Number of protein chains: 2
Amino acid sequence: MVTLKDISEYCGVSNSTVSKALNGQKDISKQTAQRVRDAAQKLGYLPNSAARSLKTNKTLNIGVLFVDKTSSGLRHEYFSGMLESIKSAAESKGYDITFISRNLGERQMSFYEHAKYRGCDGVVIASVDFSNPDVIELVNSEIPTVTVDYVYDRCSSVLSDNLDGMKQIAEYVFSKGHRRVAVIHGENTSVTQKRMASFRSTCKRLGLILDEKLIKEARYHDPKLSALATREFLDLDDRPTCIIYPDDFSFIGGKNIIEQRGLKVPDDISVIGYDGILLSQILRPKLTTYKQNSVEIGKIAVQKLIEQIEEPSLSIPEIISVTGKLLKGETVKEL
Amino acid sequence: MVTLKDISEYCGVSNSTVSKALNGQKDISKQTAQRVRDAAQKLGYLPNSAARSLKTNKTLNIGVLFVDKTSSGLRHEYFSGMLESIKSAAESKGYDITFISRNLGERQMSFYEHAKYRGCDGVVIASVDFSNPDVIELVNSEIPTVTVDYVYDRCSSVLSDNLDGMKQIAEYVFSKGHRRVAVIHGENTSVTQKRMASFRSTCKRLGLILDEKLIKEARYHDPKLSALATREFLDLDDRPTCIIYPDDFSFIGGKNIIEQRGLKVPDDISVIGYDGILLSQILRPKLTTYKQNSVEIGKIAVQKLIEQIEEPSLSIPEIISVTGKLLKGETVKEL
DNA sequence: TTGTAGGCGTTATCAG
DNA sequence: CTGATAACGCCTACAA
């Protein structure tokens with residue numbers, strides 16, 4: 001391994017001169033600096049990050065907390081897309097991404113301990129159980145953190161705008177003349193709560209009476225449960241004219257039931273998804289859905305985190321909402 | 001930050017005694033060891049990985065090379081599933097996962113340089129352009145590597161058994177009585193070559209005459225191109241009785257065309273996918289496909305890599321083939 | 001069984 | 001402009 005020392009010997013200058021030259025300090029003569037850089041290049045020098053961060057207490061390393069609580073985890077395109085974007089945003093700023101978990105070596109450690117041990121400059125927290133004490137410990141620690149889709153008091157967060165999403169969906173459906181609209185929602189998380197609150201308030205605003213029989217809980221990314229709920233809706237005497245699904249993927253379950261009954265989308269029943277994953281736009285008829293901007297969310301989360309890392313004094317906890325976009329598709333019929 | 005020194009002062013013993021006690025060396029008396037451990041616990045001591053790896057030249061850190069050459073990258077469930085499994089396999093052995101890329105800080109660096117800089121103990125290489133000189137440099141370096149779905153001379157690799165996959169598909173289709181079978185394949189990679197070679201040889205073995213008009217190139221994970229190819233097949237005078245798609249997701253493109261023509265799967269035309277992603281088993285009729293065992297592939301890749309890291313002398317380059325499983329589904333009709 | 005001392009590769013301070 | 005020198009936190013001969 002080529003070290004600073006090798007270069008200093010090769011060039012006949014001191015250790016510190018080499019260090020300064022390579023780090024672009026300006027108290028080194030142009031010629032020496034050039035000579036040192038050439039030598040470094042020639043000898044194939046690479047800095048040693050461990051030594052460097054031992055000294056500087058910086059690692060250029062961002063931790064990512066991504067526990068697949070739902071066990072669909074990275075298989076969910078919303079999250080894999082976000083990860084991809086976190087990765088490339090971090091890379092473009094010169095940071096690496098390391099997954100944070102609970103165990104390292106023989107030791108069991110908390111997320112905070114892990115991040116600390118690895119010297120992460122900051123951590124992006126997404127897709128975890130936010131009520132977990134371990135997560136809370138991390139958020140309350142001195143390590144900069146940014147959360148996605150959940151708000152803690154002292155920590156910046158980036159939120160997919162679920163209020164807007166559901167509002168747009170409800171308004172669109174209403175504008176198409178639907179008055180009996182069923183909703184299948186995911187498990188009870190803060191995301192779900194926001195979506196449903198938005199749905200209810202939008203209904204109220206539009207003067208739409210809510211029938212609680214038309215609201216059912218299923219799970220995100222679980223087509224089977226959405227299929228069940230769909231069946232129950234279709235069995236009602238006064239069946240809804242439109243069903244809103246927890247997400248695009250779950251809709252596939254509903255689709256099967258609908259087709260099995262010999263019904264046609266959207267002629268016999270309208271449907272609408274959530275997420276805007278690739279699949280939604282490939283299906284025919286093209287699915288009406290609200291596209292969450294997972295790429296933007298990941299990007300902003302990283303930006304905000306790096307800002308906090310590099311300018312801790314200037315950076316204040318902030319809640320950033322990222323709106324998505326209604327993709328009109330072809331599955332909501334004009335009544 | 002609590003360091004070894006703090007503990008040593010607290011306990012009134014030396015630095016090295018603490019270090020040894022914490023690392024379970026047995027030349028420390030039971031009582032002292034216990035006292036030290038208690039103090040460490042009490043003070044909230046955490047080892048500093050940078051300092052440790054500076055000394056030991058180990059980081060307990062595995063790099064992952066995951067460049068989305070196809071730009072669908074992690075959005076492809078085959079890869080996101082594999083990553084998830086790499087992550088958890090590494091975690092269970094006490095290793096962390098860090099993504100390797102080309103840039104760090106202001107510097108542009110090669111993959112090798114990046115991995116070296118980060119001190120990765122080893123690197124798993126998956127989903128990249130394997131002909132890239134940078135990738136080759138990494139593989140030929142002193143850093144242990146394992147590749148997925150590609151074989152280099154001196155490096156262990158884990159392969160999804162594409163020969164078996166295509167063989168099973170062909171045999172199954174044949175056993176169902178199909179004789180005019182069309183294939184849409186992905187872009188020209190070694191994976192594609194293996195699948196096609198396997199298809200051709202299986203056809204030959206079964207005495208099936210290959211009609212080159214029934215083979216078309218599209219791209220993986222690209223429903224549009226598969227839709228085009230499907231259309232051309234359906235326009236043929238003597239249309240195939242079965243179409244094999246490059247992957248499950250691409251099949252959706254074909255499905256649209258088929259339905260648009262008013263044809264029914266499998267009554268009017270049989271179809272078969274590849275990958276066995278969640279979607280395939282949700283579709284109705286359930287898609288016949290070959291499920292690649294991405295979880296197993298990721299797990300084995302990590303195992304093999306860690307073996308190589310920890311026992312370099314015992315570990316020899318090895319090519320491990322992971323077979324998948326034909327999911328019979330309902331989209332191939334008995335003729 | 002415990003302690004001393006040196007060094008891993010860097011950076012930073014301060015004197016020349 | 002350049003060079004000694006001392007850290008950063010940890011591990012490990014070797015000495016006691």
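Chain A is the first sequence line, chain B the second, and so forth, proteins listed ahead of strands; every chain is numbered from 1. What's counted below: heavy atoms across the whole structure, side chains too, no hydrogens, waters or symmetry copies. Please read all numbers here as calculations on a predicted model, not as lab measurements.
B:I97 and B:K87 make their closest contact through CG1-CA, 4.0 Å (heavy atoms, listed as atom of the first residue, atom of the second, distance). Heavy atoms only, all atoms of each residue included: B:L159 and B:Y150 are closest at CD2-N, 3.3 Å. Contact between A:V151 and A:S157 at its shortest, heavy atoms only, is CG2-OG, 3.6 Å.
Comparing B:S29 and A:L4 along DNA chain C, the residue whose closest nucleotide (by nearest heavy atom) sits nearer the 5' end is B:S29.
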Next item on the list: Could you go through the side-chain hydrogen bond (donor to acceptor under 3.5 Å, both in side chains) check for A:T98 and B:T98 one step at a time?
Entry: CA-CA 4 Å; A:T98 297; B:T98 296; 2.8 Å; yes
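For A:S14, a side-chain nitrogen or oxygen approaches OP1 or OP2 of D:dG3 to under 4.0 Å. The side chain of B:N23 places an N or O atom within less than 4.0 Å of a non-bridging phosphate oxygen (OP1 or OP2) of D:dC11. Taking only side-chain nitrogens and oxygens, A:S16 never comes nearer than 4.0 Å to OP1 or OP2 of C:dT11. Between B:S19 and D:dC11 there is a side-chain N or O to OP1 or OP2 distance below 4.0 Å. Listed pair A:Y117 / D:dC10 fails the phosphate criterion, with no side-chain N or O lying under 4.0 Å from OP1 or OP2.
Remark: P of C:dT1 and CD of B:Q31 are 9 Å apart, rounded to the nearest angstrom. We find that CD of A:Q25 is positioned 9 Å from C1' of C:dT11, with the value rounded to whole Å. A:L22 has its CG atom 9 Å from the P atom of C:dT10, to the nearest Å. Between the NZ atom of B:K30 and the C1' atom of C:dT2 there is a distance of 18 Å, rounded to whole Å. One can place CG of A:N15 at 16 Å from P of C:dT13, the figure rounded to the nearest angstrom. For the pair A:D27 CG and D:dG3 P, the computed distance is 12 Å after rounding to whole Å. Regarding B:K20, its NZ atom lies at a distance of 10 Å from the C1' atom of C:dT4, rounded to whole Å. Note: CG (A:L60) to C1' (C:dT10) measures 14 Å, nearest angstrom.
In this structure, CD in A:E137 is found 9.5 Å from CG in A:N132, a value given to the nearest 0.5 Å. Taking OG of A:S85 as the reference point, atom CD1 of A:I297 lies at 9.0 Å (rounded to 0.5 Å). Note that CD of B:Q34 is 10.5 Å distant from OG of B:S29, once rounded to the nearest 0.5 Å.
A heavy atom closer than 4.0 Å to some atom of DNA chain D occurs in A:L54, A:K55, these being the qualifying members of residues 47-59 of chain A.
End-to-end axis angle of the helix from C:dT1-D:dA16 to C:dG16-D:dC1, from C1' rotation axes over five pairs per end: 40° (rounded to 10 degrees).
For B:T3, the side-chain atoms get nearest to D:dC10 when compared with the rest of C:dG3, D:dT2, D:dC10.
Contacts of B:K5 with the nucleic acid, taken as non-hydrogen atoms under 4.0 Å apart, are absent. Nucleic acid contact for A:L46: sugar-phosphate only, since backbone atoms but no base atoms lie under 4.0 Å from a heavy atom of the residue.
Within 6.0 Å of CD on B:E142 lie more than 12 heavy atoms contributed by other residues, nucleotides or ligands.
Salt bridge status for A:K304 with A:E307: present, with a side-chain N to carboxylate O gap under 4.0 Å.
The aromatic rings of B:F99 and B:F66 sit perpendicular to each other, their planes meeting at more than 60°, with 30° as the lower class boundary.
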